[in-house]
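These notes are about the structure you will find just below.
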Amino acid sequence: MTPSFEPLAARMRPDNIDDFIGQAHLTGKDKPLRQAIERKIMHSMILWGPPGTGKTTLARLLAKNANAHVEALSAVTSGIKDIREVIQKANELRSHDQLTVLFVDEVHRFNKVQQDAFLPYIENGTIILVGATTENPSFELNNALLSRTRVYVLKRLTEDDILQIINQALRDEKGLGDRTLKISEEAKLRLVMAADGDARQALTMLEIASDFAVDRGQEEVISDEVVTDVLSGKVRRYDKGGDLFYEQISALHKSVRGSSPDGSLYWFSRMIDGGCDPEYIARRLVRMASEDIGNADPRALEIALNAWVVYQRLGSPEGELTLAQAVIYLACAPKSNAVYKAYKEALQDAKEYGSLDVPLHLRNAPTRLLKKIGYGKEYRYAHNEPEAYAAGENYFPEDMPTKQYYRPVERGLEIQIKEKLSRLRELDKNVKKTSSKTKLKGDE
């Protein structure tokens, strides 16, 4: 029997694919990883998924079934020297027709040089690389490494998956099956919910709870009170630097953009509950106010900024209510990305057209010399013009066509802005028509 001091999560690793729970899209009948195991076919791969979803277990099952020698590295503690030692050993085994599977946990933590070190040995078959990562490989791994591996996406385990894993641990002798443990279904469900899709978390909490089970002769009881104690202070899975962080802020942003105050408030609360810095959310709210609301409701920017200031003055938890108020206001506000799109277009033109000269009539002329050579000449002071608008005036460089970047939408205050701009453009057209007629008369 496996020594009892080994953690329950380690003891419960399945020895064959039939005992593996979850990831049916990869391990179900005729699915890719099951076929690889059944056919004893190994290929380099990246297993990407949240913590506790079976990445390490699947890697071990693949290697075991292929009768391969397994080497393991952790990118957190290993360097180039460790990689070279593994490669050297793999070369020796290869000379004896022995396949080596190199399992690299947290592979995204290797830098570019370290990742590149694997490439020639993957190509010539010295090693089969199986990397595990909780981060998006598209962002964290080199394209060269990705092109030589196949990425499998593991999903967060369902509540049914976690419940099966808990029940399996309670009845299996290599787990807790050699003890007469009794735990209510309600307590199990609380462990399931607290695990948040992470099998390792579920088994760790179950093991701690079993240590405090009360011996009642014929059975050991894990009481609801013990489960409460184990779960107290439990923080939801929330990686402040990883995919979950960006997934949740993305969900908040999209909910605000989609005018869903309830969805927005939920994701805001998820992030606060998970330990996100409220000031980070405050900064993002200011961005949303400009990007997704803009001039349709300029008050949104003011409210977002005020909420940020109030939070800084009150701190947590009082200040978080102000941020929640801002979240709801932004979600309910009329939406326009006209400012955002206009800025992006103008920025692109600024890069494309380069350093075109400022037209003379738009230049400042603070000295006699500058006035003499034409700076500011023919500039029309808008306040002296009818309707305080210099109709027909050009505000772009001479070697660049006149552009329209800002296109207000038919929502909120931008309805009025659009009407005003349309009126001003009509004035521009009238000036051009008049100029054309005058020119024709002059030609005659």
### Task
Could you walk me through whether Glu345 and Lys403 pass salt bridge (charged side-chain N to carboxylate O under 4.0 Å, His left out), step by step?
CA-CA 10 Å; Glu345 286 185 41; Lys403 294 290 192 80; over 6 Å; no
### Message
Apply salt bridge (charged side-chain N to carboxylate O under 4.0 Å, His left out) to residues Asp196 and Arg156 and explain how you reach the verdict.
### Response
CA-CA 8 Å; Asp196 208 15; Arg156 176 180 178 274; 2.7 Å; yes
### Summary
All heavy atoms of Glu106 vs all of Ala75, minimum pair found to be O-CB, 2.9 Å
### Query
Between the main-chain N or O of Phe110 and the side-chain N or O of Gln115, is there a donor-acceptor pair closer than 3.5 Å?
yes
### Task
Ignoring hydrogens and angles, tell me if any N or O in the side chain of Arg257 forms a donor-acceptor pair with the backbone of Lys335 under 3.5 Å.
no
#### Entry: Polar side chain donor-acceptor pair, Arg34 to Thr27, under 3.5 angstrom
no
### Query
Between Ser316 and Tyr311, is any side-chain donor less than 3.5 angstrom from a side-chain acceptor?
yes
### Task
Find the distance between CD (Glu291) and OH (Tyr343) and round it off to the nearest 0.5 Å.
11.5 Å
### Task
Look at the side chain of Thr149 and the backbone N and O of Met45, then say whether any donor-acceptor pair between them is shorter than 3.5 Å.
no
### Message
Please report the interatomic distance NZ(Lys112) to CG(Leu141), rounded to the nearest 0.5 Å.
### Response
12.5 Å
### Task
Would you confirm whether Asp297, through its side chain, and Arg299, through its main-chain N or O, come within 3.5 Å as a donor-acceptor pair?
yes
### Task
Using atom types as modelled and distance alone, determine if a side-chain donor or acceptor of Gln114 lies under 3.5 Å from a backbone N or O of Asn111.
yes
### N/O donor-acceptor pair under 3.5 Å between Lys55 side chain and Gly49 backbone
yes
### Query
Is it true that a side-chain atom of Thr133 and a backbone atom of Trp48 form a donor plus acceptor pair closer than 3.5 Å?
no
### Polar side chain donor-acceptor pair, Glu414 to Tyr406, under 3.5 angstrom
yes
### Message
Between Arg190 and Glu185, does any side-chain N to carboxylate O distance fall below 4.0 Å?
### Response
no
### Message
Quick check against the 3.5 Å criterion: does Arg407 have a side-chain atom that pairs as donor or acceptor with the backbone of Tyr405?
### Response
yes
## Note on the structure
Interatomic distance, CD1@Ile165 vs CG@Leu191, rounded to 0.5 Å, equals 12.5 Å
### Message
Does this structure show an ion pair linking Glu135 with Arg109, if we count only N-O contacts that are shorter than 4.0 Å?
### Response
no
### Task
Looking only at non-hydrogen atoms, find the nearest pair between Tyr379 and Leu362 and report the distance.
CD1-CD2, 4.5 Å
### Task
Compare all side-chain heavy atoms of Val358 with those of Pro397 and state whether any distance is below 4.5 angstrom.
no
## Note on the structure
One should read off an interatomic distance between Ile128 CD1 and Tyr121 OH, to the nearest 0.5 angstrom, of 15.5 Å
### Residues Asp224 and Ser184: side-chain donor-acceptor under 3.5 angstrom
yes
### Message
Atom CD of residue position Glu352 - does it have more than 12 heavy atoms of other residues, nucleotides or ligands inside 6.0 Å?
### Response
yes
### Task
Report yes if some heavy atom in the side chain of Thr53 is under 4.5 Å from a heavy atom in the side chain of Lys155; otherwise report no.
no
### Task
Of all the heavy-atom pairs spanning Val151 and Pro137, show the shortest one and how long it is.
CG1-CG, 4.1 Å
### Message
On a heavy-atom basis, which atom in Phe118 and which in Val104 lie closest, and how many Å separate them?
### Response
CZ-CG2, 4.1 Å
### Nearest heavy-atom neighbours spanning Ser259 and Ala333
OG-O, 4.3 Å
### Query
If you measure from the Lys or Arg side-chain nitrogens to the Asp or Glu carboxylate oxygens, is any gap between Lys31 and Glu38 under 4.0 Å?
no
#### Entry: Minimum heavy-atom distance Leu330-Met288, with the two atoms named
CD2-CB, 4.1 Å
### Query
With no hydrogens and no angle check, do the side chains of Asn136 and His108 hold a donor and an acceptor under 3.5 Å apart?
no
### Task
Mark yes or no for whether Asn142, through its side chain, and Ala144, through its backbone, hold a donor-acceptor pair below 3.5 Å.
no
### Task
Say whether, by atom type as modelled, one donor and one acceptor occur between the side chain of Asp116 and the main chain of Val113 under 3.5 angstrom.
no
